[in-house]
2 protein chains.
Amino acid sequence: MTVRGRPRGFDRAEALHRAMEVFWEHGYDGTSIGELTAAMGIRPPSLYAAFGSKEALFREAVALYEEQEGEPPLRAMCGAPTAAAGVEALLRANVLAYTDQDKPTGCMIVLAATTYTPITAGIRDFLAEQRRSATAAVRDRLARGQADGDVPPGADIDALAAYVSTVQFGLSLQARDGAAREELSAVVDRAMVAVEHLVRPTA
Amino acid sequence: MTVRGRPRGFDRAEALHRAMEVFWEHGYDGTSIGELTAAMGIRPPSLYAAFGSKEALFREAVALYEEQEGEPPLRAMCGAPTAAAGVEALLRANVLAYTDQDKPTGCMIVLAATTYTPITAGIRDFLAEQRRSATAAVRDRLARGQADGDVPPGADIDALAAYVSTVQFGLSLQARDGAAREELSAVVDRAMVAVEHLVRPTA
DNA sequence: TCCATTCTGTAGCGATTGCTAAAGAAGTCT
DNA sequence: AGACTTCTTTAGCAATCGCTACAGAATGGA
């Protein structure tokens, strides 16, 4: 079952990766089709034939981002022996990722569409949903900690997960503002003081 | 020394306030001149005659925002008896402000330009500078706490200030995502656990 | 009264936006 | 070979962007 017609002249996966990097750095609104086609090495009709629209391309780029950049820190969180260690692993992995010299700084999910224009409401809601699911992943890890006995049964894991996410969001913006890796690492040190304390028995 | 020529037909201060609200909600890129003139009740030539350009108007809007929205929480921080109480007052005042029903959610300084397009680099850097000065204000309050004796001399106040700012940045995004006031309040509770602990003697 | 000055309205500038029609190129099918 | 299908190219669409030329309106000064 071979494909008919003229074969595609570019690597779709590689083009998507390039698009992801541009969206990551410039956000959704800040990225034009011209910028995308230049980075992807193709012309607009090829982009639209392969990806449908700017919004559809962005959603695919977000999915790729979550797979490549989002999953590893989450796996580090799940693989840690305790919930507190998991949260710390998550935060530290993200600090490293947010300050990687070879990539745009900060988290794409956090920074790509914070403005509130009616036109890009769909994009904004989509990213907000991704952020909520990230928070849910933290809460699930804390719940497992309760089951494992390393988080007190009475702890408000929803509030604690919201706190961890809040710190993560803030770290992304700090990274965009040019904060150094050690600076963000020191912030995580402080953030973990609260986590450790709240996870301690009879807190 | 009266003004010559036709007098201005609108209240400049009120028009600026309207512009601020639009920029606050939609960000810099997300706000068009048409949207601004509609909200301000004027036509483009009047806007340009009174404010110069979109960027100049935005900078004035930011200055107004800091005066109206930013100063009160900072004063609350400075007026508190201890540095820890000051940080808590700052965070709680901001949570109330970020979730005010009558205003756009979150902080304008944090949310108005997170994307990284070369065109709006000036705007982005300008806001980043405002964020840095907010962090500096927290650090100064912590330094006063050291002088007053309610913050240990050995405490790393730069790192602690960065931590507080990180939480603040995160709170803004959480507010934009629709987080309720009680939810953000609970996040502040958790954040303060770290602050209280780090400010405790011999920490 | 007449001029100078300044603001306001209409109308539209050049540039850029996301996106696409139309034609040619490069394959598989019969 | 020739039809069919699919991709790529050129060129440009309508809409919107930030901004402004120009003429009319409203004031103060002489």
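Quick caveat, the model's predicted, so the values are computed rather than measured.
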Taking atom [atom2] of [N] as reference, at what distance in whole Å does atom [atom1] of [X] sit?
{"X": "A:Y48", "N": "D:dA11", "atom1": "OH", "atom2": "C1'", "answer": "16 Å"}
{"X": "A:I33", "N": "D:dT10", "atom1": "CD1", "atom2": "C1'", "answer": "17 Å"}
{"X": "A:R4", "N": "C:dC29", "atom1": "CZ", "atom2": "C1'", "answer": "5 Å"}
{"X": "A:L57", "N": "C:dC19", "atom1": "CG", "atom2": "P", "answer": "10 Å"}
{"X": "B:Y28", "N": "D:dC17", "atom1": "OH", "atom2": "P", "answer": "13 Å"}
{"X": "B:F51", "N": "C:dC7", "atom1": "CZ", "atom2": "P", "answer": "12 Å"}
{"X": "B:I42", "N": "C:dT6", "atom1": "CD1", "atom2": "P", "answer": "19 Å"}
{"X": "B:R8", "N": "D:dG28", "atom1": "CZ", "atom2": "P", "answer": "16 Å"}

Problem set entry | Nearest-nucleotide pick for B:P7, side chain only, options being C:dT8, D:dC17, D:dT27 |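 Shortest atom-to-atom distance from the side chain points to D:dT27.
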Categorize [X] for me: base, sugar-phosphate, or nothing, with a 4.0 angstrom heavy-atom threshold over every strand shown.
{"X": "A:R43", "answer": "base"}
{"X": "A:P45", "answer": "base"}
{"X": "B:T31", "answer": "sugar-phosphate"}

For this session: Over 60° means perpendicular and under 30° means parallel, so classify the ring planes of A:F126 and A:F58, tilted if in between.
Result: perpendicular
For this session: Fit a plane to each ring of A:F23 and A:Y28, take the angle between them on a 0 to 90° scale, and name the class: parallel (under 30°), tilted (30 to 60°) or perpendicular (over 60°).
Result: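 Parallel: the ring planes of A:F23 and A:Y28 meet at under 30°.
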Exercise. Any side-chain donor-acceptor pair under 3.5 Å between A:T37 and A:R43?
Worked result: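 The criterion, which ignores hydrogens and geometry beyond distance, is not satisfied for A:R43 and A:T37.
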Exercise. Taking atom types as they are modelled, is there a donor-acceptor pair under 3.5 Å from the base of C:dA25 to the side chain of A:R6?
Worked result: yes
For this session: For A:P44 and for B:S53, find the nucleotide of DNA chain D with the closest heavy atom, then tell me which residue's nucleotide is more 5'.
Result: A:P44
Problem set entry | Short side-chain N/O contact to D:dC7 OP1/OP2 from A:S46, under 4.0 Å |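 It does not, given that no N or O in the side chain of A:S46 lies less than 4.0 Å from OP1 or OP2 of D:dC7.
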Problem set entry | Note: B:R92-B:D189 ion pair, threshold 4.0 Å (strictly below) |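 B:D189 and B:R92: salt-bridged.
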Exercise. At what distance, to the nearest 0.5 angstrom, does CG of B:L111 lie from CD of B:E25?
Worked result: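 With rounding to 0.5 Å, CG (B:L111) is 11.0 Å from CD (B:E25).
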